[in-house]
Amino acid sequence: MKKILLLLLLPVCSFAQTASTYIQNGNSKANAKDYKGAVQDFTRAIQLNDKSSDAYFYRANANGNLKEYKAAIDDYTRVLLIRPDFTTAYYYRANNEASIQDFQGAIDDFNKAISLGPKTAQMYQYRGNAKSNLGDQTGAIADFTLALQLAPNSAEIYEYRGLAKNNNGNFGGAIDDYNTALKLDPQKAEIYQYRAGTKASMNNYQGAIDDYTTAITINPKNAEAYFYRANTKGNLTDYKGAVEDYKKAAAINPQIKNLFLYLANAENNMGDSKGALDYFDKSIAQHPNLPELYLYRGLVKNNMKDNEGARDDFDHAIALDPKNSEAYQSRSFIKLSLKDAQGAKLDADTAIALNPKSLSAYISRSKAKLAMKDTAGVIADITLAIGLNNKSEEAYLTRGDAYRDLGDMQSAIADYTRAIQINPNYTYAYLNRAIEKNKMNDMAGAVKDYEKLIALAPQKEEAYTRLGKVKDYYKYTGNGVPLFTSAIALNPANSNFYLFRGEAKAQAGDNKGAMDDYNTGIAKNPKNTGILLKRGLIRAGNEDYAGALADFDLSIKADSTSDSSALAYQNRGHIKGILKDYKGAMSDLDKAVSIYSTDETFLFRGDVKLELKDYPGAIDEYHNAIYLNPTYARALSHSSIAKSYLNDAKGATDDFTAALKADPKNADIYVDRAGVKLNLKDPGGAVADCTQAISMDAKNSRAYLQRGLAKIALGDKSGACTDMSTSAQMGSKQAQASINKYCK
């Protein structure tokens, strides 16, 4: 806050000659800036006449110039007891109260001075400063506006109103005031510096740098301008420029708070942690008893994973300054890294005792409690931390982790979401939220979070791996192929990346590209059961049943007991059923059920029993599949087929109705219903259903084959053979067998 010269010469009244002489002598000394001598003379005058308001007033002025603010306030109070309507005494006492940060007292005295008059711009200006210091930015702006009515050409008042507007979040208004102030006083470096800060708040970093540069040009010794320009360069990822500015700031004023920490961070961001350490080593050699240097060097060592070295530096910082809360808090983090959870908690306890408002200390203690399995304690600490600062993304992340460990996935996701709202680039929050969404079967949400994580951290291999392991991830993104192409470039030896890219290609209909990836993945890791299974499924889809069986055999050989092996048994059983090895099929499917059964396992068992003409047994299996998945269209459709063989027309119709309701755009259901209609002697209805299926999926070879069979039943051999030929051209071996039977 600006201070005025606390010296005012008023006419000397003629009371006792000796007291008057002392007052005159005191004023002469005050004018010569001998304030101590002046105080002595004014004190002698008071001793001779303790009713002299002038003597108290002048002594108050001299004490104010000596920065003896409380003594000055006492003297102004004595003046006002004698002269209660003395405007200037209220005004000066207010200035002294502001100097000892008694801003409310200052406001009260400014109010009194303004009410007595005459009103001046400075009264409103200084009252505005006091209000601003109390956080009443709106009131401050109002006072500065009144001051400008009395002094419309005051650059300083525009400057202060700009600061208040900035603190009130009105960045555009602040810029306008700074612009006006600079028109009135274009060489004042502070105004450029303040305007730069506001521009930075508006993310106009280049504009901020330009203003800091002007401030430095006007005052090359402005350490703060270098410091803040460095911060702004850091926001633009110009770490080299930031380091240069930090070093210039340090050369002028090495005591700027966090200067060395920011310098170290900039060095680290340049990848030069060693350079940061070298800088600290030199600084410590010059200032071996400055605890902050050890603290900040410890933080750099921590970033370099030199936990022992970091702990030694934090120990040294604490030895030099046992009251340093940040040093205890930092050592707490290191002890946690060294698996000393109890020691970490004790250090965090000390940090909190020294600074009960230390957000980082509460977070440190919560992490120690998390390691000690005190989940409730974690939540309690983080809730306190959030109470101190509800804008701390790390606090929400840590509490989210605690909720995660308690199994409260909804609360964990809510906290991770809050962390992301605060910091949209917070990679850990995206990772943890994706994991929890995946647990809750929100596959689409998990995939979206992993994609965002990869966009923010494209070198993070774990993100690609976790994305690929989301069940059917490729159904929730169209970016699977480019994402895993990037992953393969990152680590070409990771066979799973070929698996995941192959799945994405298969989803897009590129089975050849998928097979190429699966083949490459198997070459990287011949025992990758996931790739063997997927390659086997594509081979089965291509009716390469021998190749499919070979892949499923290799998968089972590599892993015959885990839950995932059930899929290999299940699909091998399915292929054996297609090849009419019904005994082998049921053996494999029974094995799959004993390990881990799914709706598809029961579907395949039902299909085998259907082929064996065990229609009631097939219906039971389909019922089991539907019990696990009530909207499983294939099971409903196949159940309808089995019921048709038992002449249960109503049951068959009901099942198909349910199947079409569950999946109305599935062409295969219409093909299945066509088969049922053939069984129920309705070949015309079968043709209609196959035609509907073809309109939905023109490449459905089963639809052409089934329509061909229906046309045979209708006596349309020519049309039948045309449809069967189309099916065969699409690769259907069953169609070729039917051609051999009906079209010769």
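As the structure is a computational prediction, the values presented were derived from the model and not from experiment. In what follows, every heavy atom counts, from backbone to side chain, and hydrogens, waters and symmetry copies are set aside.
A salt bridge does not link Arg399 to Asp381: none of the charged nitrogens lies less than 4.0 Å from a carboxylate oxygen. For Glu394 and Lys367, the salt-bridge test passes: some basic side-chain N is under 4.0 Å from an acidic carboxylate O. Salt bridge annotation for Arg433-Glu436: absent, with no cationic side-chain nitrogen under 4.0 angstrom from a carboxylate oxygen. Residues Lys248 and Glu244 are not paired through a salt bridge, judged by the lack of any N-O separation under 4.0 Å between the basic side chain and the carboxylate.
Proximity of Lys437 to Asp449: side-chain heavy atoms (C-beta onward) are separated by under 4.5 Å at one or more points. When side chains are defined from C-beta on, Tyr464 counts as touching Leu490, because their heavy atoms get closer than 4.5 Å. Counting only heavy atoms from C-beta outward, the side chains of Phe144 and Tyr124 never approach each other to under 4.5 Å. Considering only heavy atoms from C-beta on, Arg195 comes within 4.5 Å of Asn179 through its side chain. In this structure the side chain of Leu483 never reaches within 4.5 angstrom of the side chain of Phe500, judged on heavy atoms. The closest side-chain heavy-atom distance from Val447 to Lys475 is not below 4.5 Å. Using a 4.5 Å heavy-atom threshold, the side chains of Ile413 and Thr417 count as touching. By the 4.5 Å heavy-atom criterion applied to side chains, Gln122 and Tyr91 are counted as neighbours.
Formation of a donor-acceptor pair under 3.5 Å by the Asn168 side chain with backbone atoms of Asn170 is not found in this model. Formation of a donor-acceptor pair under 3.5 Å by the Gln329 side chain with backbone atoms of Ala361 is not found in this model. With hydrogens and angles ignored, the 3.5 Å screen pairs a side-chain donor or acceptor of Asn133 with a backbone N or O of Asn129. Judged purely by atom type and a 3.5 angstrom limit, Tyr160 has no side-chain atom pairing as donor or acceptor with the backbone of Ile141. Formation of a donor-acceptor pair under 3.5 Å by the Tyr498 side chain with backbone atoms of Pro492 is found in this model. For the pair Ser332 (side chain) and Ala344 (backbone), a donor-acceptor distance under 3.5 Å is present. Judged purely by atom type and a 3.5 angstrom limit, Tyr192 uses its side chain to pair as donor or acceptor with the backbone of Pro186.
When the shell of 6.0 Å around CZ of Phe227 is examined, it contains more than 12 heavy atoms from other residues, nucleotides or ligands. The 12-atom threshold is not exceeded at NZ of Lys240, counting heavy atoms of other residues, nucleotides or ligands nearer than 6.0 Å. Atom OH of Tyr426 has more than 12 heavy atoms from other residues, nucleotides or ligands within 6.0 Å.
In the model, Gln125 has a side-chain atom that pairs as donor or acceptor with a side-chain atom of Glu156 under 3.5 Å. When only modelled atom types and interatomic distance are considered, Arg501 and Thr485 share a side-chain donor-acceptor pair under 3.5 Å. Judged by distance alone, the side chains of Asn494 and Glu461 do bring a donor and an acceptor atom under 3.5 Å apart. Donor-acceptor pairing under 3.5 Å is lacking for the side chains of Asp176 and Tyr178. In this model, no donor atom of one side chain and acceptor atom of the other lie less than 3.5 Å apart for Tyr92 and Asp109. For the 3.5 Å distance criterion, the side chains of Asn390 and Arg418 fail to qualify, holding no donor opposite an acceptor.
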| side chain to side chain donor-acceptor pair (under 3.5 Å) evaluation trace for Gln193 with Asp211 | CA-CA 6 Å; Gln193 186 171 325; Asp211 273 349; over 6 Å; no
| field | CA sep, side-chain torsions, deciding dist, call: Ile157, Asp177, side-chain contact (heavy atoms from CB on, under 4.5 Å) | value | CA-CA 9 Å; Ile157 299 174; Asp177 276 348; over 6 Å; no
| task | Could you walk me through whether Glu451 and Ile454 pass the side-chain contact (heavy atoms from CB on, under 4.5 Å) test, one step at a time? | result | CA-CA 5 Å; Glu451 286 191 274; Ile454 289 169; 5.8 Å; no
| field | Verdict with reasoning, Arg311 to Glu308, per salt bridge (charged side-chain N to carboxylate O under 4.0 Å, His left out) | value | CA-CA 5 Å; Arg311 185 176 61 183; Glu308 296 287 353; 2.7 Å; yes
| request: Let me see the working for Asp281 and Arg297 under salt bridge (charged side-chain N to carboxylate O under 4.0 Å, His left out), right down to the final yes or no. | output: CA-CA 8 Å; Asp281 289 343; Arg297 188 175 69 177; 2.7 Å; yes
| query | So Leu182 and Tyr158, side-chain contact (heavy atoms from CB on, under 4.5 Å) or not? Walk me through it. | reply | CA-CA 9 Å; Leu182 286 170; Tyr158 277 107; over 6 Å; no
| message | Run Ser360 and Glu326 through side chain to side chain donor-acceptor pair (under 3.5 Å) and show every step you take. | response | CA-CA 8 Å; Ser360 297; Glu326 188 177 358; over 6 Å; no
| query | Step by step, would you call Lys233 with Val243 a side-chain contact (heavy atoms from CB on, under 4.5 Å)? | reply | CA-CA 9 Å; Lys233 287 180 178 179; Val243 167; over 6 Å; no
| request: Check step by step if side chain to side chain donor-acceptor pair (under 3.5 Å) holds for Asn231 and Tyr246. | output: CA-CA 8 Å; Asn231 289 347; Tyr246 285 134; 2.4 Å; yes
| Verdict with supporting geometry, Asp405 and Tyr403, side chain to side chain donor-acceptor pair (under 3.5 Å) | CA-CA 5 Å; Asp405 289 351; Tyr403 281 127; over 6 Å; no
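Once rounded to the nearest 0.5 Å, the distance linking OG of Ser132 with CD of Gln137 reads 3.5 Å. Atom CG of Leu320 sits about 11.0 Å away from atom CG of Asp315, to the nearest 0.5 Å. Asp306 CG to Asp313 CG: the interatomic distance, rounded to the nearest 0.5 Å, is 8.5 Å. Put simply, NZ on Lys391 and CG on Leu359 are 13.5 Å apart, with the number rounded to the nearest 0.5 Å. With rounding to the nearest 0.5 angstrom, the NZ atom of Lys301 is 11.0 Å from the CZ atom of Phe280. Atom CG of Leu453 and atom OG1 of Thr427 lie 6.0 Å apart (nearest 0.5 Å).
Annotation for Tyr362 and Ala385: closest pair CB-CB, 3.8 Å, computed over non-hydrogen atoms. Nearest heavy atom pair, residue Ile382 against residue Ala395, reads CG2-O, 3.0 Å. Ile175 and Met202 get closest at one heavy-atom pair: CG1-SD, 4.1 Å. Annotation for Asn307 and Ser337: closest pair ND2-CB, 3.8 Å, computed over non-hydrogen atoms. Taking all atoms of both residues into account, the shortest heavy-atom contact from Leu388 to Pro356 is CD1-O, 3.9 Å. Shown here for Met123 and Phe110, the closest heavy-atom pair between the two residues is O-CD2, 4.1 Å.
Aromatic pair Phe484/Tyr473: centroids less than 6.0 angstrom apart.
Classified by interplanar angle (parallel below 30°, tilted 30° to 60°, perpendicular above 60°), the ring pair His316/Tyr294 is parallel.
Between Arg331 and the choices Thr350, Ile318, Asn302, the side-chain contact (heavy atoms from CB on, under 4.5 Å) rule is met once, by Ile318.
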